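Order of the sequence lines sets the chain letters (A, B, ...), proteins ahead of strands, with each chain counted from 1. Computed from a prediction, not measured in an experiment: that's the story for all the values here.
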There are 2 protein chains.
Amino acid sequence: MEDGAAERIRPRDRILETARDMFHKHGIKGVGVDAITEAAGTNKMTLYRHFESKDDLVIECLRATACSANAMWQKFEAEHPGDKLAQLHAWVRMAADCLLMDGRGCDMANAAIELSETDHPARRVIKELKQAQRDRLVGLCRDAGIGQAELLADTLSLLLEGARVSLQSVGAEGPSAQFVRMAEGLITSFRAR
Amino acid sequence: MEDGAAERIRPRDRILETARDMFHKHGIKGVGVDAITEAAGTNKMTLYRHFESKDDLVIECLRATACSANAMWQKFEAEHPGDKLAQLHAWVRMAADCLLMDGRGCDMANAAIELSETDHPARRVIKELKQAQRDRLVGLCRDAGIGQAELLADTLSLLLEGARVSLQSVGAEGPSAQFVRMAEGLITSFRAR
DNA sequence: CTAGGGTGTTACCGGTCTGTAACTTCTAGA
DNA sequence: TCTAGAAGTTACAGACCGGTAACACCCTAG
């Protein structure tokens, strides 16, 4: 029975989860594969049996992150079925909570900054995943009945992205502390148009 | 006469300028001191005669960047003497131009993301320089007669920071393309309050 | 002309990194 | 119980990193 051994997670998944956590905390170039495998309670050979390279592992981590984000959006829909405006407010609240709890920014944005080589294989993935997130936010704004949905969604995107990076450079008392106020103000303002 | 040899820039300054450029393009961890000195037409020993360590060099680069930003602000004042609102619009225009021309984000923000160690010596410097930039923007907004000067300044800060990082992850056709429209709209909106 | 400081050159240290090879051990399924 | 494949272990290759030592050079101020 494979469920009986389900508590013992497969090495591949342990590596993936550990790598996500460590990449998030210390950056991609800030952590080596040895450190990841050790923290995951396994070894380097096992890593390279499941992933072609470190870059491949990075990409899989980003996909996993996007997957987690998907789950968030499904939660919004589940908690406020049909009420797109409430879902938009839930998005703002979630974003603010992440800001407060986390401290380190968006994995994809951080990776994009760290992996400055324009032809890095992860860049394609980052772009396409970020694009998907953008499209979804635009869709939510539009379905919430906002006229200039794209402009609002893009503004909210930039605000959140900016808050995440500002949190790391200026700190928690910096501009990012006002994120919710800005976002809610913007939504109100766009609804009135 | 030392001015006669001024065309031949001092190795220290060549290293500093080259390092700024390379750190900006490839990130701090993405470029080694050997590559910097070679590109600067000198060698590693000379670098370490002028800078205590690579971290020290990084910090000096960030200070130099802040210095360049200072020059920008003086240009605003020189071009629109006394007219703070015009200076604010000039700031927006400058920011947008940087976005279009550059592609890579703010050196300080990028450094903050890359140097994830919370006790890294550069972090203090980044925080204090970013704080100074924020204070100056707040002052400009206030002097321009805007009521909620802090909120506007912080919103503009986050928008710009977000646009810079979005440019690297989603690309030029992403949300950052609307930066000017957002910023100008915000200024108008805040002036009307 | 000369002395001395700034600079260039070469070699090296110890460490870390990604990635691989060869071999042993474990474990699940027939 | 036996076997095949997954996982662990050890060692290593080759490259790059930050930083230092020793020494030769050049150029300018006196």
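Scanning all heavy atoms of the two residues, the minimum distance from B:His26 to B:Arg104 falls at C-NH2, 4.3 Å. Of all the heavy atoms in B:Thr118 and B:Arg123, the pair that sits closest is O-CD, 3.5 Å. Here the shortest heavy-atom pairing between B:Leu159 and B:Ala183 reads CD1-N, 4.4 Å. Taking each heavy atom of A:Ala109 and B:Ser169 in turn, the nearest pair found is CA-CB, 4.4 Å.
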Please report, to 0.1 Å, the donor-acceptor pairs under 3.5 Å made by any side chain of residues 147-154 of chain B, with sequence neighbours excluded.
residue, atom, partner, partner atom, Å
B:Gln148, OE1, B:Arg193, NH1, 2.7
B:Asp154, OD1, B:Arg134, NE, 2.9
B:Asp154, OD2, B:Arg134, NH2, 2.8

Donor-acceptor contacts under 3.5 Å from residues 71-81 of chain A side chains, at least two apart:
residue, atom, partner, partner atom, Å
A:Glu77, OE1, A:Lys84, NZ, 3.2
A:Glu77, OE1, A:Gln87, NE2, 2.9
A:Glu77, OE2, A:Gly82, N, 3.3

Would you give me the side-chain donor-acceptor pairs under 3.5 Å for residues 30-41 of chain A, sequence neighbours excluded?
residue, atom, partner, partner atom, Å
A:Thr37, OG1, A:Val33, O, 3.1
A:Thr37, OG1, A:Asp34, O, 2.9

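Regarding contacts with the backbone of D:dG8, a side-chain N or O of A:Thr42 is found under 4.0 angstrom from either OP1 or OP2.
Hydrophobic cluster membership of B:Met45, counting Ile, Leu, Val, Met, Phe, Trp and Tyr whose side-chain heavy atoms lie under 4.5 Å apart directly or via other members: none, as it forms a cluster of its own.
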Stepwise salt bridge (charged side-chain N to carboxylate O under 4.0 Å, His left out) check, B:Arg93 with B:Glu184: CA-CA 10 Å; B:Arg93 218 175 307 122; B:Glu184 293 295 347; over 6 Å; no
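Rounded to a whole Å, the CZ atom of B:Arg12 is 17 Å from the C1' atom of C:dG5. Note: CG (A:Asn43) to P (C:dA22) measures 17 Å, nearest angstrom. When the P atom of C:dT24 is taken as reference, atom CE of A:Met45 falls 15 Å away, rounded to whole Å. Computed from coordinates, the A:Arg10 CZ to C:dC26 P distance equals 17 Å when rounded to whole Å. Atoms NE2 (A:His26) and P (C:dT16) sit 16 Å apart, rounded to a whole Å.
You'll find that the side chain of B:Thr46 is closest to C:dT7, out of D:dG8, C:dT7, C:dA21. Closest to the B:Lys44 side chain, of the nucleotides C:dT18, D:dG18, D:dA21, is D:dG18.
A heavy atom lying under 4.0 Å from DNA chain D marks the following residues of residues 47-62 of chain A, by number: A:Arg49, A:His50. Using a 4.0 Å cut-off on heavy atoms, the residues of residues 27-37 of chain A that approach DNA chain C are A:Val31, A:Gly32, A:Val33, A:Asp34, listed by number.
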